[in-house]
Amino acid sequence: MPLNSPWRADFPALAALEAEGQTYLDSAATSQKPRALLDALHGYYLGGTANVHRAQHLLGERVTRAFEASRTTAARWLNAESPGQIIFTRGCTEAINLLAYGLEAQFHAGEQLVVGAAEHHANLLPWQQLAQRRGLELVVLPLNADGEIDLTQAAQLIGPKCRLLAVGQLSNVLGRWQPLPELFALARASGALTVIDGAQAAVHQRPDIQALDCDFYACSAHKLYGPEGVGVLYGREDALQRLNHWQFGGEMVQVADYQHATFRPAPLGFEAGTPAIGAVIGLDASLDYLAGLDPRAVATHEAELHGLLLDGLRQRSGVRIVGAPQVALASFVVDGVHNADLAHLLGEQGIAVRAGHHCAMPLYKQLGLSGAVRVSLGLYNDASDLERFFAALDLSLELLQ
Ligand SMILES: *Cc1c(COP(=O)(O)O)cnc(C)c1O
């Protein structure tokens, strides 16, 4: 079966990599970029750069307009109520750190922050460190055998002391959707704030913020066929007002003297310093590109490829898939083979996959694994990519087993 991606040609790097004999199966780490983004970046830098929100000259106004248009596009893409709810950060990691610092004053010793057991370090360590600073308890929700947060245990663990629940919608290791509506119902009953780490999820299912019904949502442009260096943080209006400012400097200030200052509200009050202007403008093009695709066609293509990936892995003896992935990726281990050795041999054959703990060390420790090899798919991958992967896997396993 050919199973070609109708979108592959939109990504010039895919042809370049193919010509080099490289097969890219690491889109969960970062995505390749569509021509629409490259054109937007080219256009911005060729047209003349300027800083945003401060210049009075024509170029400054033009660049500020393009920058703010990207905020409007991001708000529309997320189905947020208004562009003012979108804060541009340097990535999902920075967005969650912003929350951990910005919300710090909301919490008091003895209260609880709650996360899932499969969180990426980006949605674990900021809360862990906040808990240490404030004398809070960090509660970790256990997973069931499939890798979903166990709702029975969650109902026992999310109690009246819970002040915040932060969950990754889709684990970058397990590829499993978390039961957010049920979890958020528990959190709301405790009056807790809710945070979604959407870094892995957003590219596979367009987020609908109003349906997700969370207080905060964070994701990274570079995993959305967008540029590096930009994250998107959405906040519900009343939740944004509970944030304290965290990074201080230019553009976020209202009035300053030597001893005191007052600060702007969100979003600009949380965008201290010069932002990644070109990248924010590029994100607009990437989101436009994504919005122009037929979501059902993309989902069908990704599901068919994912099925091929899982079938192929299951057919090979000694290969064990970690958890029960539902979308776009599979982490696996091979009996008697170290994941780093396997990824190294695959790499030598031009297969780009990721080995190790995938920024989720506590999860791997709990699973009793030192790491795994992860294959992850983008909409530009073809069945031919998986054929090359499996041929390389078979050769590697012959050498290693
Ligand atoms: C990649 C990822 C992050 C961190 O995103 P950055 O772009 O590295 O800041 C957080 N959570 C999950 C689930 C991820 O996959």
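Keep in mind it's a predicted model, so treat the numbers as computed, not measured. Numbering of ligands and ligand atoms starts at 1, following listing order.
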*Would you kindly say whether Q241 and E237 are connected by a side-chain donor-acceptor distance under 3.5 Å?*
no
*For R354, does the CZ atom sit with more than 12 other heavy atoms under 6.0 Å from it, leaving out its own atoms?*
no
*asked:* For a quick check under 3.5 Å, do H53 and E68 share a side-chain donor-acceptor pair by atom type?
replied: yes
*Sub-4.5 Å side-chain heavy-atom contact between D26 and R374*: yes
*asked:* Determine whether M252 and L268 satisfy the following criterion, side chain to side chain contact (heavy atoms under 4.5 Å, CB included), listing intermediate values before the conclusion.
replied: CA-CA 6 Å; M252 52 79 63; L268 295 185; over 6 Å; no
Give a table of atom pairs where an N or O of ligand 1 lies under 3.5 Å from a protein N or O.
from	atom 1	to	atom 2	distance (Å)
ligand 1	7 (O)	S220	OG	2.5
ligand 1	7 (O)	H222	NE2	2.6
ligand 1	9 (O)	C92	N	3.4
ligand 1	9 (O)	T93	N	2.8
ligand 1	9 (O)	T93	OG1	2.6
ligand 1	11 (N)	D197	OD1	3.2
ligand 1	11 (N)	D197	OD2	2.6
ligand 1	15 (O)	Q200	NE2	2.6
ligand 1	15 (O)	K223	NZ	2.7

*If you count the non-hydrogen atoms of other residues, nucleotides and ligands that lie under 6.0 Å from CZ in F263, is the total more than 12?*
yes
